[in-house]
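Below you'll find the structure, written out as structure tokens, and then a few comments.
Because only heavy atoms are used, hydrogens play no part in the values below, and waters and symmetry mates are left out as well, while side chains stay in. Each chain gets a letter, A, B and so on, in the order the sequences are listed, and its residues count up from 1.
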There are 2 protein chains.
Amino acid sequence: MSTNPAPSPEAETLKLERFLPYRLNVVGFFASRALGRIYGEHFGIGIPEWRVVAQLGEFGKLTSRDIGELAQMHKTKVSRAVAELQKRGLVSRAENREDRRESFVALTPAGQRIYAHIVPLALAFEARWIEGIAPDELKVFERVLSTLTDRGRLLAGGYRDVET
Amino acid sequence: MSTNPAPSPEAETLKLERFLPYRLNVVGFFASRALGRIYGEHFGIGIPEWRVVAQLGEFGKLTSRDIGELAQMHKTKVSRAVAELQKRGLVSRAENREDRRESFVALTPAGQRIYAHIVPLALAFEARWIEGIAPDELKVFERVLSTLTDRGRLLAGGYRDVET
DNA sequence: TGACATTAGTTTCATTTGCAACTAATTTTA
DNA sequence: TAAAATTAGTTGCAAATGAAACTAATGTCA
């Protein structure tokens, strides 16, 4: 009854803590968790709602479809996030009279105020997170991250609506 | 009715697609999604189950608590994953006679066979993912990733049981 | 034009998830 | 040693999630 002799002698071994998909998932989870805390505490909204607000703050008015594409959110998630934000008076909807299936979503003045409050918090959070990392290393990191993201999108296979 | 003039003139703007927490979350999601597909198709198990198997394959026998700590999983997730794996005959449990609150979980022979099959698939997947990235850039990437992960763990705040 | 296919968005349903409360065992402390 | 606190692990419950089905509108093609 001794402890922990690796049990699969013939199998190639794998150290989970060095396994890239695992690591990316963990760091991504921490990111969501930390930001979600900020959004939740300060504004009572969650990550999906924040993503919608962020896109609207950046682009003005968008259809739900656009939001989903830009923010990598499943359409049902967008639908529910928009509905919630509308219920809180943070976004408005205006039917597109040229295609009545869709409608344009935009921040209300209240929504814009929230956006204006969140953005500095989010940026400060990001700054604190990357503080002290050498700028050139960060550059490399971001470039590789882009490559991995693009390739991940393909490897994740379901090219189409991917929800995050 | 022109389109998309940025609506918050005074607010600092933020581009979500360049926002690091967002990007990390997206790439992490792709990683999970892609791997989950592999595990699901080939072995009918999910990510949590895979993580348990991976740790047991690496370390031999572990308590659920250890698994949670090593694999960054909430204890309820571990509990359910272990229960599921046990139901499928892939892991066994043995009570620790020196502390009867906990028990040691270990792969059964069937579990070891699955592990031996999954590991090469997982490693091949990882290899395909990072293919073509310059080794020195990958080194930098992994180092920064470690820093971000450690700091993210703190920023995520809930130091204690973090579930992923 | 009219049938068929596609698209935007919502809703239903089953699954997954995490929190909180719980049980049972062990450790601490007074 | 007895009460209080802590710990391992499970379960109840409510919220979040995604797949699939659905509605309504538009596009395609004969």
TODO: Report which part of the nucleic acid A:Ser64 touches: base, sugar-phosphate, or nothing (heavy-atom distance under 4.0 Å, all strands).
DONE: sugar-phosphate

- [ ] Figure out the CE/P separation between B:Met73 and D:dT10, and round it to whole Å.
- [x] 12 Å

Open item on the list: Output the rounded distance in Å from CD (A:Glu98) to P (C:dA8).
Closed with: 16 Å

TODO: Before giving the answer on salt bridge (charged side-chain N to carboxylate O under 4.0 Å, His left out), spell out for A:Arg143 and B:Glu137 the whole-Å C-alpha distance, their side-chain angles and the decisive distance to 0.1 Å.
DONE: CA-CA 9 Å; A:Arg143 195 169 58 244; B:Glu137 298 208 336; 2.3 Å; yes

Review item, side-chain donor-acceptor pairs of residues 79-86 of chain B, under 3.5 Å, at least two apart:
unit_1  : atom_1 : unit_2  : atom_2 : d
B:Glu84 : OE2    : B:Arg88 : NE     : 2.8
B:Gln86 : OE1    : B:Arg93 : NE     : 3.1
B:Gln86 : OE1    : B:Arg93 : NH2    : 3.0

Task: Side-chain N or O of B:Arg100 closer than 4.0 Å to phosphate OP1/OP2 of D:dA8 - done: no

Task: Whole angstrom value for the distance that separates P of C:dT17 from CD of B:Gln72 - done: 16 Å

Open item on the list: Counting distance alone, no hydrogens or angles: does the base of D:dG18 have a donor or acceptor under 3.5 Å from a partner atom on the side chain of A:Arg80?
Closed with: yes

Open item on the list: Quick check on C:dC19: is either OP1 or OP2 less than 4.0 Å from any side-chain nitrogen or oxygen of B:His74?
Closed with: yes

- [ ] Check salt bridge (Lys or Arg N to Asp or Glu O under 4.0 Å) between B:Arg18 and all other residues, then give those that pass, not counting sequence neighbours.
- [x] none

Open item on the list: Any side-chain N or O of B:Thr63 below 4.0 angstrom from OP1/OP2 of D:dA8?
Closed with: no

Open item on the list: Could you tell me if A:Ser32 and B:Asn25 have a donor-acceptor pair between their side chains, going purely by distance under 3.5 Å?
Closed with: yes

- [ ] Respond yes when some side-chain nitrogen or oxygen of A:Lys77 is under 4.0 Å from OP1 or OP2 of D:dA16, and no when none is.
- [x] no

TODO: Please state whether the phosphate of C:dG18, meaning OP1 or OP2, lies under 4.0 angstrom from any side-chain nitrogen or oxygen of B:Thr76.
DONE: no

Open item on the list: I want to verify a distance call: between C:dT17, D:dA25, D:dT17, whose nearest atom is closest to the A:Pro48 side chain?
Closed with: D:dT17

Task: Any donor-acceptor N or O pair under 3.5 Å, side chains A:Arg23, B:Ser146 - done: yes

Task: Given DNA chain C, 5'-ward residue of the pair A:Arg65 and B:Asn96, judged by closest heavy atom - done: A:Arg65

Task: Distance-only donor-acceptor test (3.5 Å): side chain B:Arg93, base D:dG9 - done: no

TODO: Establish, with yes or no, whether the OP1 or OP2 oxygen of D:dA8 is under 4.0 angstrom from a side-chain nitrogen or oxygen of B:Lys75.
DONE: no

Task: Proximal nucleotide (of D:dT7, C:dA8, D:dT17) relative to the A:Glu102 side chain - done: C:dA8

TODO: Please work out which of the three classes, parallel, tilted or perpendicular, describes the rings of B:Trp50 and A:Phe19, given edges at 30° and 60°.
DONE: perpendicular

TODO: Using atom CD of B:Glu49 as one end and atom P of C:dT16 as the other, report the distance to the nearest whole Å.
DONE: 8 Å

Open item on the list: How many whole angstroms separate atom CG of A:Asp99 from atom P of D:dG27?
Closed with: 6 Å

TODO: Please report, rounded to the nearest Å, how far the P atom of C:dT10 is from the NZ atom of A:Lys87.
DONE: 14 Å

Task: Euclidean distance, atom CD of residue A:Glu95 to atom C1' of D:dT26 [Å, nearest integer] - done: 13 Å

TODO: Rounded off to whole Å, could you give me the CD-to-P distance for the B:Glu84 and C:dT15 pair?
DONE: 12 Å

Open item on the list: With a cut-off of less than 4.0 Å, is there a side-chain N or O of B:Arg101 near OP1 or OP2 of D:dG9?
Closed with: no

